[in-house]
Protein chains: 2
Amino acid sequence: MDTKDIPANVLDPNCPSRVVFQRIGDKWASLVIQVLGGGPVRFSELRKMVSVVTPKVLTQTLRTLERDGLITRTIHAQVPPRVDYELTALGESLLQPLTMLREWAENHVPSILEARDAYDDAQDEAVLGR
Amino acid sequence: MDTKDIPANVLDPNCPSRVVFQRIGDKWASLVIQVLGGGPVRFSELRKMVSVVTPKVLTQTLRTLERDGLITRTIHAQVPPRVDYELTALGESLLQPLTMLREWAENHVPSILEARDAYDDAQDEAVLGR
DNA sequence: CAGTATCCGTCTTGATACTG
DNA sequence: CAGTATCAAGACGGATACTG
């Protein structure tokens, strides 16, 4: 990237990269998107699959994704209620870049973890007055 | 993604996807990586290029990337001091998936912004008692 | 079942000022 | 030049309890 290519609007919250990178970085959003890549899933199923997340936070995540047009929320008129979440075409189109990133992660995160250990060890030694 | 494919360790901070997605979502990290894709850059240059970030936050970002083994920091013994930051091979390998994601963003963020407007309008109408 | 309502600690980000 | 120190503010994620 050349100097002149850096958008003057990096601070613009609507800068394309910022919008997407933020969503990717969201603690649960990417996981939900990848889960929904397998087809529609109802709320309670999502909860089971991502059992560490509380209903409040899961709902927040889903609402944000819905607002961004990445998933749809369909309420089935039943008793008990049933709500299905499903990727939109837009959401599905995100699956590929997301998968590429996940593959990069699986291939290279071991190196990152090693680098962290090495860095931390060097820091420790420095602190010990060496 | 099938149910059984969901790693039981989503809460593991060392889960590959989590590590990378978090770094991508960092407010300045991805931008710095892409800037450094053009070759080594010294601290003051980075500051000018990303002029909205304070030195403290820029330093934080750089330290994190260095710890992760994505960039190197080289101090030149000069007066005045000069410090260059540069991508490692690991950092460079991240450039491609990052670019793919940025391209997806540039192509699809307009749709996301439209979706947000539509969603917000619908919400407003609902609030107005319609 | 599918959420919502409250409350709260932590982590992140930034403003401002200072230093080797 | 290349940072560090300190302080403050807000966003974020989560625990817990309750509801149509």
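Quick note on labels: first sequence line is chain A, next is B, and so on, each numbered from 1. Only heavy atoms go into these numbers, but all of them, side chains included; no hydrogens, no water, no symmetry mates.
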### Message
A side-chain contact here means heavy atoms from C-beta on lying under 4.5 Å apart; do A/Lys27 and B/Gln22 qualify?
### Response
no
### Message
Is the shortest side-chain heavy-atom distance between B/Arg23 and B/Asp68 below 4.5 Å?
### Response
yes
Of all the heavy-atom pairs spanning [X] and [Y], show the shortest one and how long it is.
X        : Y       : answer
B/Asp120 : A/Arg67 : OD2-NH1, 2.6 Å
B/Ile24  : A/Phe21 : O-CB, 3.6 Å
A/Leu46  : A/Val35 : CD2-CG1, 4.0 Å

### Stepwise side-chain hydrogen bond (donor to acceptor under 3.5 Å, both in side chains) test for A/Arg102 and A/Gln34
CA-CA 10 Å; A/Arg102 205 187 56 207; A/Gln34 291 182 81; 2.4 Å; yes
### Task
Produce a footprint string for nucleotides 4-20 of chain C: one letter per nucleotide, 5' end first; B if the base is under 4.0 Å from any protein heavy atom, S if only the sugar-phosphate is, - if neither.
BBB------BBB----B
Could you tell me the separation between the [atom1] atom of [X] and the [atom2] atom of [N], rounded to a whole number of Å?
X       : N      : atom1 : atom2 : answer
A/Arg47 : C/dG3  : CZ    : P     : 11 Å
B/Gln78 : D/dG3  : CD    : P     : 13 Å
A/Leu62 : D/dG13 : CG    : P     : 13 Å
B/Tyr85 : D/dA2  : OH    : P     : 9 Å
A/Leu58 : C/dG3  : CG    : P     : 9 Å

### Task
Would you sketch DNA chain D in dot-bracket for me? Only Watson-Crick or G-U wobble pairs with both distances under 3.5 Å count, crossing pairs as [ ], other-strand pairs as |, the rest as dots.
||||||||||||||||||||
### Message
For B/Gln96, I'd like to know if atom CD has over 12 heavy atoms of other residues, nucleotides or ligands within 6.0 Å.
### Response
no
### Message
Using a 4.0 Å heavy-atom cut-off, does A/Arg42 contact any base of the nucleic acid, only the sugar-phosphate backbone, or nothing at all?
### Response
sugar-phosphate
### Query
Honestly curious: do B/Leu90 and A/Met100 fall in one hydrophobic cluster under the side-chain, below-4.5 Å linking rule?
no
